[in-house]
Amino acid sequence: MTRVLPGALAALLLATVFVPLGLLLARSGGSGDWLEAWRSPESRHALAGTLLTSGGASAIALALGVPFAWLIARTDVAARGALRTVVTLPSAIPPYLWTMGWIALANPRSGWLTLVVGRERLDVYGTAGIAFVLGTSALPLVVLATAAALERIDPGLEEAARLSGAGAFTTFRDVTLPLIAPATLSGGALVFVFASASFGVPYLLGVPANPPAPTLTTRIYAEVLMGEAGLARAASLSVQLLLVAVGVLAVNAFLSRAGRVRLSRGKGGSARVTALGPWRWPLSSLAWATAVAVIVLPLLAIFLTGLMPTWGQWGRLTLEHWSLVLQPRTLAAAGASALLGALAALLVGALGLAVAITRRRWLETLADAPSALPGTVLALALLVAFSRDVRFIAFERVTFVLALGNTLWLVLLSYVVKHLALGVRAASDALAQADLSLAEAARLSGAGRLRAFVDGVLPQLHGALVGAALLTFLTCVSELTMSVLLVPTGGDVLGTLLFELQSYADPASAAVIASALLLVVLSALVVQNVVARRAEARG
């Protein structure tokens with residue numbers, strides 16, 4: 001079994017990820033066809049838009065994330081734990097929901113903030129708006145990476161600099177900053193890749209802009225809508241998007257290796273908390289005001305939009321629009337999303353555990369690879385590979401037909417392979433910390449290998465696997481980038497339904513459904529936090 005399992009899992013990954021990518025490359029033509037497609041004015045504008053919005057998002061995330069991380073990890077800022085929760089909240093909420101909130105706030109004609117500062121002075125549409133929304137949505141990538149590095153720094157290094165006469169600023173510049181730079185730059189690179197792969201935000205804020213602000217993902221979507229005629233061009237643009245992502249990750253890996261510094265604290269070491277003194281309340285007020293402005297305010301705007309009978313009627317809030325949640329189409333979309341999310345969570349947990357127990361490093365690397373692929377590229381590769389039925393003939397008598405094209409099964413497949421790394425990492429980390437002596441004791445008592453694993457090891461992995469499954473479920477329930485390309489004609493999931501309502505039909509109805517989705521996500525996070533605290537208390 002231990003010899004068969006790695007090969008079977010590798011074959012599954014090859015069939016569902018790497019073969020489709022190969023078919024996508026073949027469909028896009030050779031390098032000559034790529035260059036011809038990339039030289040067109042539309043493609044050049046889309047590439048420039050992607051680089052601008054992604055670079056801007058990284059700059060915004062770094063500008064906000066590093067100060068937040070320092071305040072959270074190293075100072076006595078007021079309500080530090082609550083601030084950390086608020087700042088990392090965007091990691092659980094899809095970016096297009098933030099977009100809906102900012103459209104309500106900063107629409108150049110009727111946005112609530114626009115009416116306060118004056119019309120045409122604020123405009124969330126266009127390149128700058130896309131970069132801002134993506135940068136604040138990806139803020140946790142920088143905050144968590146930088147805070148983790150700050151918490152692991154040996155405090156003796158900073159103490160030595162202070163004892164040598166260096167001031168607080170000089171110590172931070174010459175000692176702390178070089179130590180955290182690799183982690184911070186890595187977070188910034190992940191923001192760039194996240195922003196370049198995003199579809200919902202560039203579409204909602206770029207297409208209606210004057211002039212439009214195209215990106216590679218929106219251009220690929222437009223080509224796919226043209227049917228067979230645009231599929232080859234979409235494939236060529238997908239190759240370009242993939243090269244951008246791979247190039248940024250490669251540069252990040254090189255810089256991280258070149259600037260990597262060991263961050264061990266040593267025995268008994270703990271990061272020194274900086275007392276802000278007279279600056280505590282001014283800095284705390286500034287930090288909280290910024291967090292509320294960029295994170296809480298857009299969510300509040302979504303809830304209020306869903307409570308207004310018509311736009312701008314503040315004095316007569318009502319729940320009458322919430323009946324939309326119970327309409328058949330909404331319930332069908334919610335049911336499909338919940339089912340797909342639950343199945344994806346179950347499969348990610350099971351397959352992640354299967355990969356982890358093989359203890360094959362190369363297999364874990366293979367399973368991690370799809371998480372680095374832009375969702376648009378992965379979805380298009382699956383669309384090309386499974387647009388026609390796949391037939392297998394056994395013994396020249398039995399025929400097996402795999403018909404995934406234009407079905408929700410293809411959507412499920414995309415969810416599983418994209419998020420498989422969550423299950424693999426959770427299972428691998430938990431397995432490395434598990435006490436295997438329990439399984440050995442079960443074997444000595446006569447239990448078989450499988451029974452010993454189930455009774456002795458699996459209970460120790462339960463918490464990590466449930467956490468990975470819950471994160472997968474929450475991500476898949478509201479997923480848009482892959483769903484918009486793969487959901488079958490006439491079908492809906494929550495992501496595509498919200499996208500349609502916000503883009504073409506009824507933004508107020510979209511706000512109601514988005515509010516309900518936010519309540520579900522926030523409730524799940526509360527439950528997860530309570531369960532985690534109880535588990536720590538038992539431990």
What distance separates Leu23 CG from Ser387 OG, expressed to the nearest 0.5 Å? 9.5 Å
Taking it one step at a time, do Leu497 and Leu501 satisfy side chain to side chain contact (heavy atoms under 4.5 Å, CB included)? CA-CA 6 Å; Leu497 178 60; Leu501 291 174; 4.2 Å; yes
Apply ring pair (Phe, Tyr, Trp, His ring centres under 6.0 Å) to Trp102 and list each qualifying residue two or more places apart in sequence or on a separate chain. Phe132
When you look at Tyr221 and Thr218, which way does the side chain to side chain contact (heavy atoms under 4.5 Å, CB included) test go after all the steps? CA-CA 5 Å; Tyr221 177 71; Thr218 57; 5.5 Å; no
Minimum heavy-atom distance between Ala293 and Pro298, given as atom pair plus value: O-CD, 3.7 Å
For the CG atom of Leu378 and the OG1 atom of Thr481, what is their distance to the nearest 0.5 Å? 11.0 Å
Pick one: which of Glu223, Glu42, Arg219 meets side-chain contact (heavy atoms from CB on, under 4.5 Å) with Arg233? Glu223
Are any of the side-chain heavy atoms of Leu21 and Val377 separated by less than 4.5 Å? yes
To the closest 0.5 Å, what do you measure between CG (Leu340) and SG (Cys476)? 8.0 Å
Where is the tightest heavy-atom contact between Leu242 and Leu373, given as atom of each residue plus distance? CD1-CD2, 3.4 Å
Here the gap from Leu366 atom CG to Leu14 atom CG, rounded to the nearest 0.5 Å, amounts to 6.0 Å
Show, in sequence, the C-alpha distance, side-chain angles and deciding distance for Ser478 and Tyr96, and conclude whether the side chain to side chain donor-acceptor pair (under 3.5 Å) test is met. CA-CA 10 Å; Ser478 54; Tyr96 65 87; 4.8 Å; no
State, with a plain yes or no, whether a side-chain heavy atom of Phe303 is found less than 4.5 Å away from one of Leu518. yes
For the backbone of Thr50 and the side chain of Ser196, can you confirm whether one donor and one acceptor N or O come within less than 3.5 Å of each other? no
Any donor and acceptor pair, going by atom type alone, linking the side chain of Ser238 with main-chain N or O of Ala234 inside 3.5 Å? yes
With no hydrogens and no angle check, do the side chains of Thr88 and Ser91 hold a donor and an acceptor under 3.5 Å apart? no
Taking Ser58 for the side chain and Phe192 for the main chain, is one N or O donor matched with an acceptor at less than 3.5 Å? yes
Which atom of Ala379 lies closest to which atom of Leu486, heavy atoms considered: O-CD2, 3.5 Å
Considering non-hydrogen atoms only, spot the tightest contact between Leu382 and Pro20 and give its length. CD2-CG, 4.1 Å
Regarding Thr472 and Thr475, do their side chains bring together a donor and an acceptor under 3.5 Å, going by distance alone? no
If I compare all heavy atoms of Phe18 with all of Ala369, which pair ends up nearest, and what's the gap? CZ-CB, 3.9 Å
Can you tell me how far CG of Leu24 sits from CG of Leu383, rounded to the nearest 0.5 angstrom? 9.5 Å
Are any of the side-chain heavy atoms of Leu237 and Leu241 separated by less than 4.5 Å? no
Which of parallel (below 30°), tilted (30 to 60°) and perpendicular (above 60°) describes Phe199 and Tyr203? tilted
Would you say the side chain of Leu299 lies within less than 4.5 Å of the side chain of Leu89, judging by non-hydrogen atoms? yes
Do Thr407 and Pro488 come within less than 4.5 Å of each other through their side chains, counting heavy atoms only? no
Can you list the steps and then say if Ile130 with Leu52 is a side chain to side chain contact (heavy atoms under 4.5 Å, CB included)? CA-CA 10 Å; Ile130 296 171; Leu52 283 173; over 6 Å; no
Are any of the side-chain heavy atoms of Tyr415 and Ser483 separated by less than 4.5 Å? yes
Is the closest side-chain heavy-atom distance between Gln502 and Ile103 below 4.5 Å? yes
Checking the side chain of Thr136 only, and the main-chain atoms of Val133 only, is there a donor and an acceptor separated by less than 3.5 Å? yes
Heavy-atom distance under 4.5 Å between the side chains of Leu498 and Leu517, does that happen here? yes
Glu479 side-chain N/O to Met482 backbone N/O, donor-acceptor pair under 3.5 Å: yes
N/O donor-acceptor pair under 3.5 Å between Ser198 side chain and Phe194 backbone: no
Report the C-alpha separation of Asp368 and Arg425 in whole Å, then their side-chain angles, then the decisive distance to 0.1 Å, and conclude whether the side chain to side chain contact (heavy atoms under 4.5 Å, CB included) test is met. CA-CA 8 Å; Asp368 279 345; Arg425 292 168 189 168; 3.6 Å; yes
Nearest-0.5 Å distance, CG of residue Leu51 to CG of residue Leu216: 7.5 Å
With no hydrogens and no angle check, is any side-chain donor or acceptor of Asn107 less than 3.5 Å from a backbone partner on Val124? no
Does one side chain, of Ser428 or Glu364, offer a donor that lies under 3.5 Å from an acceptor on the other? yes
Determine the minimum heavy-atom distance between Ala213 and Thr127, stating which atoms define it. CB-OG1, 3.7 Å
